[in-house]
A.B. asks: 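Pasting in a structure now, in structure tokens, and then I'll have a few things to ask.
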Amino acid sequence: MLPQRMKKAVTDNPKKLANLIDLVNLPPTLRDFVGFGYLVADDSHIDADTPYAEVEVMKMCMPLLSPASGIIHFRMAEGQAIQAGELIARLDLDDPSAVRKAEPFTGSFPILGPPTAISGKVHQKCAASLNAAQMILAGYEHNIDEVVQSLLNCLDSPELPFLQWQECFAVLATRLPKDLRIELEAKYKEFEINSSSQNIDFPAKLLKGILEDHLFSCADNEKGALERLVEPLMSLVKSYEGGRESHAHKIVQSLFEEYLSVEELFSDNIQADVIERLRLQYKKDLLKIVDIVLSHQGVKSKNKLILRLMDKLVYPNPAAYRDQLIRFSQLNHIIYSELALKASQLLEQTKLSELRSSIARSLSELEMFTEDGENIDTPKRKGAINDRMEDLVSAPLAVEDALVGLFDHSVNTLQRRVVETYIRRLYQPYLVKGSIRMQWHRSGLIATWEFLEMGSDVGINNQMSLLQDSGDEDQAQERINKLAKILREQEVGSIIHAAGVGDISCIIQRDEGRAPMRHSFHWSAEKLYYEEEPLLRHLEPPLSIYLELDKLKGYENIRYTPSRDRQWHLYTVVDTKPQPIQRMFLRTLLRQPTTNEGYSAYQRVDAETSRTQLDMSFTSRSIFRSLMGAMEELELNSHNTTIKSEHAHMYLYVLREQQVDDLVHYSKKINIDAGQEETTVETILEELAQEIHSSVGVRMHRLGVFVWEVKLWITACGQANGAWRVIVNNVTGHTSTVHIYREMEDATTHKVVYSSVTVKGPLHGVPVNENYQPLGVIDRKHLAARKSSTTYCYDFPLAFQTSLEQSWSIQHTGVQRAKDKDLLKVTELKFSEKEGSWGTSLVLAECPPGLNDVGMVAWLMEMCTPEFPSGRTILVVSNDVTFKAGSFGPREDAFFRAVTDLACAKKIPLHR
């Protein structure tokens, strides 16, 4: 006999029947997945736990044991390859009663009555919609869009609380004390009459006060019974104390709690382990386990419902749901990825609202009075306000969005400070100090300023910024379309361009907690009008120069994704040839706080990260913290196929000029000899990059980050002053290559190029603004090896080099390394003949990596180790997984045999 709930599942959805059949033991069959051989004769008798066949998987043989005694009848030929789920043999049991067989169901389902009619009244529709939502969360199917829309309409109806009160009061009226009943009826009717002609709020607080007064005045021996009696009425009025929004908030919270109570059990846990724990927990109530598992099976529909509720009801005020949003963001499984990402984004919106309020308080003189008293002198007040503005300019947060939300503030003084802070932040560090001028106009506040154009001459500002306030997405897009149409008119465009305006930036402020939208229009000398630049959408034009977005113009269909805190800008592109590869370029501006307090407190930093930063320099700490934030974004989007990349590149631009003391730990003192500034800074930057990579490399490799790059300016260091580039290639996570460049002007082409200081890097002489190129052969081979969860063979010499450096770094001072010998010298071995095979000897060859024509690669390595300071020689051989999928053929076997023979002949170790 099926439980009533399961009957409903089967009748409402016949697909559930397949799941119920799995609960019945099927007739005995023997199944497995690969080729096998007989161990007993066909049609013979075997005992329980007796091997009846053996299977071969990857040259490994394993026996298959009979689960019971009986006569075996093979259904597959010996030596035949078996696919998953195919029948190997059938067993006639000695005791057939030991197995419960499935029997066809010959009966019929009970006759269903007519559906329950739902009244057209709002409160009954609300109860039906809420019940449907709860059934979805219990694992049953329903039209989610209809349920959510119906629930929204009901919750928004002013009639809902009055009808709910009527229904609840009608049930309890005859049992209530007479005086209480009369008083409640009288007060309710006063509002009911007015509500029919006007939109009157439900008198929740008034009715609650009447109930509480009566409870307080009743006798002690009657108080408990009366409290239980009026509990439904009390719960109703409490839910409406804050209006209809408060009631909707409590309903959504209850639905969220119902979802989390089940899915938190399965988050980051194996389902079988969860069910086993539930069996121990609910020994006497197994149907509770069925309910939980059935609910989890409908997790896709549940996720869809929760996402709809977040969009419609949580989005306007996410702060009210902070605790549950945190729990949603911590769900750790692929099936919860979209939900966790949405919750994280809503949490960031709450931070944006808090940040906006904090900035308003900080830039307001009211806070100055409360801190220092009203007798504070004007110069000190101005200095304090300027310091706070400077803190905002250098804050390592996306305060631009919060500042935009204060552009239309009603206090003119605060509005001027906000606009000035916004300009100073955008043009840091190229703004000419004291050049900002503001004046009020009938259309609003107009600001002008001067800035150094990328470190060159002073120029008058040639950018026009507009602010539009619109919370409606459709209305905002309509305004943008109108603006674009106006700017395409040559007459209008020519007048604006003649006034010296090169770029027009439009900012659309949206609802509370949401980041503003940005659109930029650039003057086209060819078309003679302003046209929108897609790459500059969501960014102010000055920032796009720092982020070097022009390097992405070689790609089409660039997809933009902001990070949750809008610190990182994610651009997804596709390399189309020879095979499509999805790449991601992550860009950020690294702002370093002037103090360790203030707005940096809004950043997410855990205890382990804080401990790691203690041993780092000021610059290393800033870079490390920013990289950690970028990796969090990649992890959140790791299950989003439209964003997830196979090859990621991170770029950080450090805005503040760095001194040498910023690059090293405070406990170290650097003395730089005259004329050695460049080589010293190069060495410091290389050590800085290796230190950071040792903490983030493995995680980066797991997330597909193959390159990260930092641009920074060095000052107060003689010949080393200027722009520097640090480019780190993440080879295996544990190993990396670091290249340090300066930005120098080429004397011939007059272009700014990458310039190596000592050892020439691969980008030496390449213009810094050259477009990113498609991935090369070696990069694609690295990617192919990573997809196979292994290491590309040509990365092993670097692994040996890294291991040797680590060995020497931890070696005691008693052993000295020979200064005239290289730490590692590697020479590749190849066949002496082009078509080498069995019997062909090997020769040393100097050739670039990736040109092998055999699936095996070998090297002769001469290395200095602490055990052998004067050097030792070994042979290393590896399989190339990127060559014919790493398969072994005659030539691979011949090559491996030749390497083995060479090791034996020379009597040197062979590592493979």
Side-chain angles (χ1 to χ4, degrees), residues 427-432 451-459 542-554 585 587-590 592 617 619-620 622-623 649-664 670-690 692-693 707-729 736-773 776:
Y427 286 87
Q428 183 196 25
Y430 303 113
L431 183 70
V432 177
F451 62 94
L452 297 170
E453 190 172 357
M454 296 303 293
S456 59
D457 298 332
V458 176
L543 305 186
S544 66
I545 300 173
Y546 308 149
L547 296 178
E548 300 185 351
L549 297 183
D550 287 344
K551 289 186 174 183
L552 299 176
K553 289 188 175 180
F585 294 91
R587 337 289 284 171
T588 191
L589 296 178
L590 183 56
Q592 296 164 306
S617 65
T619 305
S620 299
S622 303
I623 296 173
H649 177 287
M650 293 182 179
Y651 172 77
L652 302 88
Y653 182 96
V654 183
L655 284 172
R656 173 181 165 183
E657 292 182 336
Q658 307 293 296
Q659 298 186 7
V660 173
D661 290 341
D662 296 327
L663 306 178
V664 297
I670 300 296
N671 295 319
I672 303 177
D673 297 332
Q676 299 296 316
E677 294 92 348
E678 285 188 323
T679 55
T680 303
V681 169
E682 181 188 37
T683 302
I684 292 173
L685 289 175
E686 184 174 356
E687 293 175 353
L688 176 147
Q690 290 174 345
I692 297 174
H693 191 79
V707 184
W708 59 276
E709 176 182 356
V710 179
K711 177 180 177 179
L712 69 166
W713 294 79
I714 302 295
T715 186
C717 194
Q719 296 178 0
N721 289 349
W724 288 75
R725 300 263 183 162
V726 180
I727 300 179
V728 182
N729 294 293
S736 62
T737 58
V738 180
H739 300 288
I740 311 296
Y741 302 96
R742 296 203 62 182
E743 290 189 7
M744 306 292 289
E745 182 178 344
D746 187 273
T748 305
T749 62
H750 300 290
K751 292 182 177 180
V752 179
V753 298
Y754 294 96
S755 177
S756 301
V757 178
T758 53
V759 181
K760 287 187 177 181
L763 294 180
H764 179 73
V766 177
V768 295
N769 59 353
E770 185 173 284
N771 288 351
Y772 287 118
Q773 301 299 313

A.B. asks: Name all residues meeting the side chain to side chain contact (heavy atoms under 4.5 Å, CB included) criterion together with Ser736; count only those two or more places apart in sequence or in a different chain, and write none if there are none.
C.D. replies: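 Partners of Ser736 under the side chain to side chain contact (heavy atoms under 4.5 Å, CB included) test: His693, Val728, Val738.
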A.B. asks: Please list, chain by chain and in numerical order, all residues satisfying side chain to side chain contact (heavy atoms under 4.5 Å, CB included) with Glu770, sequence neighbours excluded.
C.D. replies: Val766, Pro767, Gln773
A.B. asks: Name the atoms and distances for all side-chain donor-acceptor pairs under 3.5 Å in residues 657-664, with sequence neighbours left out.
C.D. replies:
residue : atom : partner : partner atom : Å
Gln658  : OE1  : Gln592  : NE2          : 3.3
Gln658  : OE1  : Thr619  : OG1          : 2.5
Gln658  : NE2  : Gln592  : OE1          : 2.6
Gln658  : NE2  : Arg656  : O            : 2.8
Asp662  : OD2  : Gln659  : N            : 3.0

A.B. asks: Among residues at least two apart in sequence or on other chains, which ones pass ring pair (Phe, Tyr, Trp, His ring centres under 6.0 Å) with His649?
C.D. replies: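 Testing His649 for ring pair (Phe, Tyr, Trp, His ring centres under 6.0 Å), a comparison that skips the adjacent residues, returns Phe585, Tyr772.
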A.B. asks: The criterion is salt bridge (charged side-chain N to carboxylate O under 4.0 Å, His left out); which residues satisfy it with Glu678, sequence neighbours excluded?
C.D. replies: Arg742
A.B. asks: With sequence neighbours excluded, tell me which residues meet side chain to side chain donor-acceptor pair (under 3.5 Å) with Thr715.
C.D. replies: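 Result, side chain to side chain donor-acceptor pair (under 3.5 Å) vs Thr715: none returned.
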A.B. asks: Listed by chain and number, what are the ring pair (Phe, Tyr, Trp, His ring centres under 6.0 Å) partners of Tyr651, not counting sequence neighbours?
C.D. replies: none
A.B. asks: Looking only at heavy atoms, what is the nearest atom pair of His739 and Pro762, with distance?
C.D. replies: CE1-CD, 3.5 Å
A.B. asks: Any pair with a residue in residues 743-767 that passes salt bridge (charged side-chain N to carboxylate O under 4.0 Å, His left out), sequence neighbours left out, goes on the list, sorted by first then second residue, please.
C.D. replies: Lys711-Glu743, Arg725-Glu743
A.B. asks: Using the test side chain to side chain contact (heavy atoms under 4.5 Å, CB included), find all partners of Thr683 that sit at least two apart in sequence or belong to another chain.
C.D. replies: Glu687
A.B. asks: If the condition is side chain to side chain donor-acceptor pair (under 3.5 Å), which residues does Thr748 pass it with, not counting sequence neighbours?
C.D. replies: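 Testing Thr748 for side chain to side chain donor-acceptor pair (under 3.5 Å), a comparison that skips the adjacent residues, returns none.
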A.B. asks: Can you name the residues that form a salt bridge (charged side-chain N to carboxylate O under 4.0 Å, His left out) with Asp550, not counting sequence neighbours?
C.D. replies: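 Expected list: Lys553.
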A.B. asks: If the condition is side chain to side chain contact (heavy atoms under 4.5 Å, CB included), which residues does Thr680 pass it with, not counting sequence neighbours?
C.D. replies: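 Partners of Thr680 under the side chain to side chain contact (heavy atoms under 4.5 Å, CB included) test: Ile670, Ile672, Gln676, Ile684.
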